[in-house]
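Written out below as structure tokens is the structure these notes cover.
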2 protein chains.
Amino acid sequence: MKNRIKVERAEKDLSQADLAGQIGVSRQTINSIETGRYVPSTILALKLAQVFEKTVNEIFQLEETD
Amino acid sequence: MKNRIKVERAEKDLSQADLAGQIGVSRQTINSIETGRYVPSTILALKLAQVFEKTVNEIFQLEETD
DNA sequence: ACCAAATGTAAAATATACTTTACATATTGT
DNA sequence: ACAATATGTAAAGTATATTTTACATTTGGT
């Protein structure tokens, strides 16, 4: 699964720590999702989408391997 | 988190087992998500949305308690 | 009423998300 | 170059998702 978190963060000028704080997870959780080390829960994806004012589908996309 | 899986299934006339088969998870996984017993991964949410031809946000919505 | 299919759950096992702590590297401003 | 901030990652621990097996209940058709 691909994601656009890094880009969305840049557009809102948010650090990983900022974003983590807004959503209520650890900074490492954001980093791990952003770098594809693990797949977030749907609740987390919805919260990220909410912060970025986008849909989940705009931020996360399936790949063949999924 | 709320979800509209039951309704979307009805509209496509799919049983829980049918849906599970299309996505590649167990029937109990679908049942558990549908009845709110647990929160799916974003990959699973994207696959469900794909089957229903809707966005993840149309199928899953955050609640205050999330 | 009977039968088949669909649904709701539960328990045990396994996989994976997420936290905390900690450290190393990279980036940016002065 | 220096200091501060941001990022990448790792290991150990905890919480939660998902599978498999299994059974009880419900629903729909005849």
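Side-chain atoms are counted along with the backbone in the values below, which use heavy atoms only and exclude waters and symmetry mates. Throughout, protein chains are lettered first and strands after them, A, B, ... in sequence-line order, and every chain is numbered starting at 1.
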> Which nucleotide, C/dT9, C/dT19, D/dT9, lies nearest any side-chain atom of B/Asn31?
Replying inline: C/dT9
> Are B/Leu48 and B/Glu8 side-chain neighbours, meaning at least one heavy-atom pair lies under 4.5 Å?
Replying inline: no
> What's the CD1-C1' distance between A/Ile23 and C/dA17, to the nearest Å?
Replying inline: 15 Å
> Quick one: do the A/Thr29 and A/Ser32 side chains pair a donor with an acceptor below 3.5 Å?
Replying inline: no
> Whole-Å distance between C/dA6 P and B/Glu34 CD?
Replying inline: 14 Å
> Counting only side-chain N and O atoms of B/Ser41, is one of them less than 4.0 Å from OP1 or OP2 of D/dT18?
Replying inline: yes
> Got a donor-acceptor contact below 3.5 angstrom from the A/Asn3 side chain to the A/Ile33 backbone?
Replying inline: yes
>> Among D/dT9, D/dG8, D/dT18, which nucleotide has an atom closest to any side-chain atom of A/Gln28?
In response: D/dT9
> Any idea which of C/dT9, D/dG8, C/dT19 is nearest the A/Ser26 side chain?
Replying inline: C/dT19
> Can you check the B/Asp18 CG to C/dA6 P distance for me, whole Å?
Replying inline: 7 Å
>> What is the distance, to the nearest angstrom, from the CG atom on A/Leu19 to the P atom on C/dC18?
In response: 13 Å
>> Both A/Ser15 and B/Ser32 contact DNA chain D. Taking the nearest nucleotide for each, which residue is further toward the 5' end?
In response: A/Ser15
>> Just the rounded figure in Å: distance from C1' of C/dG8 to CD1 of B/Ile33.
In response: 15 Å
> Any Lys/Arg nitrogen of B/Glu58 or B/Arg4 sitting under 4.0 Å from an Asp/Glu carboxylate oxygen of the other?
Replying inline: no
> In whole Å, what is the span from the CG atom of A/Asp13 to the P atom of D/dT7?
Replying inline: 10 Å
> Roughly, in whole Å, what's the span from CZ in B/Arg9 to P in C/dT7?
Replying inline: 5 Å
> Nearest to the side chain of B/Thr29 - D/dT18, C/dT9, D/dT9?
Replying inline: D/dT18
>> Given C/dT7, C/dA17, C/dA10, identify the nucleotide with an atom nearest to the side chain of B/Gln16.
In response: C/dT7
> Rounded to whole angstrom units, what separation is found between the CG atom of B/Leu44 and the P atom of D/dA17?
Replying inline: 12 Å
>> Of the listed nucleotides (C/dT19, D/dA22, D/dA17), which one gets closest to any side-chain atom of B/Arg27?
In response: D/dA22
>> For B/Gln28, is there any backbone N or O sitting under 3.5 Å from a side-chain donor or acceptor partner on B/Asn31?
In response: no
>> Can you tell me if B/Arg37 touches the phosphate of D/dT16, counting only side-chain N or O atoms and a distance under 4.0 Å to OP1 or OP2?
In response: no
